Amino acid sequence: MLKPIAFANALAILTGGFYLLIHVIRLFAPVSFRYLFNAQFMGADVASLMWPQVASGNFILTFIIAVATAWLFAYCWAWLYNRFAV
């Protein structure tokens, strides 16, 4: 059995860490960021559509939304898993 809150917390922390890591890569290694970001879309130049600078308000709001969504998704996932595992 999975503990839904513990699973949700773990996935939310990993999501937040990944979000911050990607932002750091974007700041200090833009060529690597461009390659990694575009690789998610099978090489399409999607990175060119991004803003040159990210406003701090947008950065924080997106971070909060990503972490909260990950937490909710992970909680539901663990809850469903426990329901089906019985």
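Here the structure is a predicted model, which is why all the values come from computation and not from measurement.
Cluster annotation: Ile64 and Leu20 are assigned to the same hydrophobic cluster (Ile/Leu/Val/Met/Phe/Trp/Tyr, side-chain heavy-atom contacts under 4.5 Å, transitive). Hydrophobic clustering keeps Trp71 apart from Ile60 (ILVMFWY residues linked when any side-chain heavy atoms are closer than 4.5 Å, directly or through intermediates). Put simply, Phe18 and Ile13 are part of two different groups of oily side chains (I, L, V, M, F, W, Y) that touch within less than 4.5 Å, one to the next.
Heavy-atom contacts from other residues, nucleotides or ligands closer than 6.0 Å to CZ of Phe41 number more than 12. Counting heavy atoms of neighbouring residues, nucleotides and ligands inside a 6.0 Å radius, atom CE of Met42 does not exceed 12 of them.
Here the closest non-hydrogen pair linking Phe33 and Ile22 is CE1-CG2, 3.6 Å. Residue Ala74 comes nearest to Leu11 through the heavy atom pair CB-CD2, 3.4 Å, listed as atom of the first residue, atom of the second, then distance. Closest non-hydrogen pair, Ala78 versus Pro4, comes out as CB-CA, 3.6 Å. Shortest non-hydrogen contact noted between Ala12 and Ala70 is CA-CB, 4.2 Å.
When atom types are taken as modelled, the side chain of Ser48 and the backbone of Asp45 share a donor-acceptor pair closer than 3.5 angstrom. A donor-acceptor pair is defined here as one N or O able to donate and one able to accept, closer than 3.5 Å; such a pair exists between the side chain of Asn38 and the backbone of Arg34.
You'll find the ring centres of Trp79 and Tyr75 outside the 6.0 Å limit.
Note that the OG1 atom of Thr15 and the CD1 atom of Ile65 stand 13.5 Å from one another [nearest 0.5 Å]. The distance from atom CD of Gln40 to atom OH of Tyr35, rounded to the nearest 0.5 Å, is 12.0 Å. Note that the CG atom of Leu2 and the CG atom of Leu80 stand 11.5 Å from one another [nearest 0.5 Å]. From Phe7, atom CZ reaches atom OH of Tyr81 across 10.0 Å, with rounding to the nearest 0.5 Å. Note that the CG atom of Leu36 and the CG atom of Leu21 stand 9.0 Å from one another [nearest 0.5 Å].
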Legend entry - Derivation of the side-chain contact (heavy atoms from CB on, under 4.5 Å) call for Tyr19 and Thr62: CA-CA 9 Å; Tyr19 181 85; Thr62 303; 3.3 Å; yes
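No side-chain heavy atom of Arg26 sits less than 4.5 Å from a side-chain heavy atom of Phe37.
A search for side chain to side chain donor-acceptor pair (under 3.5 Å) contacts involving Asn82 returns nothing, not counting sequence neighbours.
The aromatic rings of His23 and Phe59 sit tilted relative to each other, their planes meeting at an angle between 30° and 60°.
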